[in-house]
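Notes follow the structure.
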Amino acid sequence: MFLVLSLITCCVYIIYLIFKKPKNLPPGPPIYALPLFGHLLHLGKHPQETLMKWCQQSKSDITHCYFGQQLVIVLNNYSLIKEAFMDDNYSARAQPFIFEEHFHGKGLTYADGERWLIHRKFAMDSLKKVGMGKLFLQDTILDELTDVFSVIDKEEGEPLNIKGLLTHGLSNIICGFAFGQRFSQDDKKFRHIVSLIEECFTLGSHDSWITIFPLLRFIPIRSLGGNYKQFSKNFKQIFSFAKQLVEQHNTDNDGEDKDYIDAFLKQAKNDQLSQKENSTFDMDQLISSITNLFIGGTETTSTTLRWALVYMIENAHILEKVQQEIDQYMLIHNNNQLYVRMEDKPFLPYTTATILEIQRCGNIATLGGSTMHRNLQNTTLNGYNIPKNSYIAANFYAVHVDERQFTQPYQFDPTRFLSDDHKSVRRPAAFIPFSIGKKSCPGESLANMELFLFFTNLVRAYNFHVVNKNEQINSAKFYHTSLTRAPYDFYVSFSKRLY
Ligand code: HEM
């Protein structure tokens with residue numbers, strides 16, 4: 001009898017936990033949350049688009065839903081995202097199982113509180129010292145571009161999937177200036193690591209079965225484990241690559257810090273010598289931070305550049321205008337210069353506006369990667385209660401197609417970023433591909449430099465086309481959403497331009 005009563009009590013308690021709902025939450029979606037699964041099964045292939053639709057249906061820019069049992073508050077407009085992300089209360093990171101399991105709250109992206117504050121500042125300061133955001137870094141980027149061009153030249157006329165090539169070049173930039181080592185395009189081991197990162201971006205997803213039922217990973221049935229096993233295997237190899245970077249580092253350097261690893265190891269030594277209690281400068285923290293910077297600084301920029309190719313192929317008249325602007329400017333002002341450089345940027349407003357429009361339409365930041373926040377205290381937003389430890393999802397996609405901010409948002413039109421006389425660039429506040437607030441992307445200045453130098457020089461040097469245009473390229477359909485919103489693989493052939 002006692003056993004039966006205990007069982008009934010347990011069941012009632014579990015049902016209570018499943019159905020208990022905090023009071024005065026933002027409106028919910030038009031679909032009921034399923035026990036255990038929440039709304040995950042209804043999010044579809046492109047969650048940010050579904051969430052935007054749910055917001056529109058509930059006529060509210062803020063809604064709630066459940067990823068499994070986890071309450072998620074979705075912010076669908078710029079002012080709500082700004083209000084939340086400027087507030088320290090929202091500065092913690094969501095910890096989906098697949099990341100928590102690998103980072104254990106260490107590194108830059110998945111650390112919280114004091115640890116995150118210390119290491120975010122340390123990383124920003126030391127990366128700035130070695131070049132991030134500084135003009136001299138462009139020479140490193142242009143060296144990498146030279147290598148990318150030499151591979152394109154070898155393949156001239158042949159269909160080429162530029163993804164691996166771009167990702168390799170961009171990883172090398174962060175590896176070279178931040179970690180003190182670069183790898184040639186022929187380096188098979190590095191190529192392999194880069195391909196693992198690319199694969200992680202496709203495999204990692206917030207809505208896998210493992211996220212809802214982490215214990216499933218112990219059941220040896222492949223379909224239940226989903227992509228998790230491969231994702232985890234890849235991550236372990238990337239961590240071990242980061243470890244090698246540290247081990248191969250020359251630690252006898254007492255002079256100027258040459259890179260981020262140098263600066264970190266020196267700080268760790270100082271903390272040890274001064275017997276600092278609770279120092280967070282340990283090996284796990286270093287390896288996790290390197291992995292965050294390496295992964296964060298690689299696929300994101302490469303995916304944006306692949307969107308650039310997609311939009312330029314779809315909008316040939318815009319590509320022509322960009323090429324004309326660059327050709328005319330370089331012919332008159334910098335005829336002897338091999339490459340377009342950062343100093344030329346103010347004189348290329350149409351080209352710069354085109355890059356911004358590629359970022360707005362490409363919308364690579366999704367909810368599945370490192371973009372969801374978590375609030376540390378119970379609070380209110382827009383008059384609604386936001387319980388402590390909710391996941392806060394900024395729907396950047398919804399912001400960038402919000403008609404109140406961008407007229408005719410589904411049209412690819414760089415002139416929206418130009419002043420009335422088309423002579424300078426204007427950036428509306430609601431353009432936030434790198435997010436806003438204290439947790440916004442620390443790699444923004446590096447990414448902007450890479451995008452400008454890679455894009456301008458690529459379209460100046462080459463024309464490109466797809467062999468099977470109709471089948472392969474379609475910005476409205478031809479993409480997948482996982483850790484980033486990225487075009488499917490496609491092949492283009494390049495031909496050299498005369499300029
Ligand atoms: C086009 C390229 C890029 C885009 C669109 C992008 C976008 C973003 C976004 C939206 C976030 C989340 C911000 C938030 O939580 O509010 C983020 C975080 C982050 N990004 Fe980027 N990113 C790019 C390139 C880079 C690069 C080049 C690096 C490396 C230097 C990098 C490193 C990181 C790191 C470490 C974080 C986590 C920051 C933290 O939690 O404090 N990203 N990025």
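For ligands, and for the atoms within them, numbers begin at 1 and follow the listed sequence. In this text, all values refer to a predicted model and were calculated from it rather than measured experimentally.
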Can you confirm whether or not the ring centre of His373 sits under 6.0 Å from the ring centre of Tyr391? no
When you measure from atom 36 (C) of ligand 1 to every protein heavy atom, which one gives the shortest distance, and what is it?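 It is Pro442 CD, 3.5 Å.
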Would you mind telling me if ligand 1 is within reach of the side chain of [X], the backbone, both or neither, using heavy atoms under 4.0 Å?
| X | answer |
| --- | --- |
| Pro433 | backbone |
| His373 | side chain |
| Thr304 | side chain |
| Ile364 | side chain |

With a 4.0 Å cut-off on N to O distance, would you call [X] and [Y] a salt bridge?
| X | Y | result |
| --- | --- | --- |
| Asp259 | Lys129 | no |
| Lys233 | Glu199 | no |
| Asp413 | Arg360 | no |

To which of Ile174, Thr291, Leu117, Ile392 does the heavy atom nearest atom 30 (C) of ligand 1 belong? Ile174
Distance to the ring centre below 6.0 angstrom and angle to the axis at most 45 degrees; does that hold for Arg426 and Phe417?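 So Arg426 doesn't make the cation-pi contact.
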If you count the non-hydrogen atoms of other residues, nucleotides and ligands that lie under 6.0 Å from NZ in Lys134, is the total more than 12?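 Enclosed.
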Walk me through whether His119 and Phe281 qualify under ring-ring contact (aromatic ring centres under 6.0 Å, His included). CA-CA 9 Å; His119 286 280; Phe281 283 79; 4.5 Å; yes
Can you list the atoms of ligand 1 that are under 4.0 Å from a heavy atom of Thr109? 35 (C), 37 (C), 40 (O)
Ligand 1 atoms nearer than 4.0 angstrom to some heavy atom of Arg120 are 38 (C), 39 (C), 41 (O)
What do you reckon, does Trp116 put a non-hydrogen atom under 4.0 Å from ligand 1?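 Trp116: in contact with ligand 1 (<4.0 Å).
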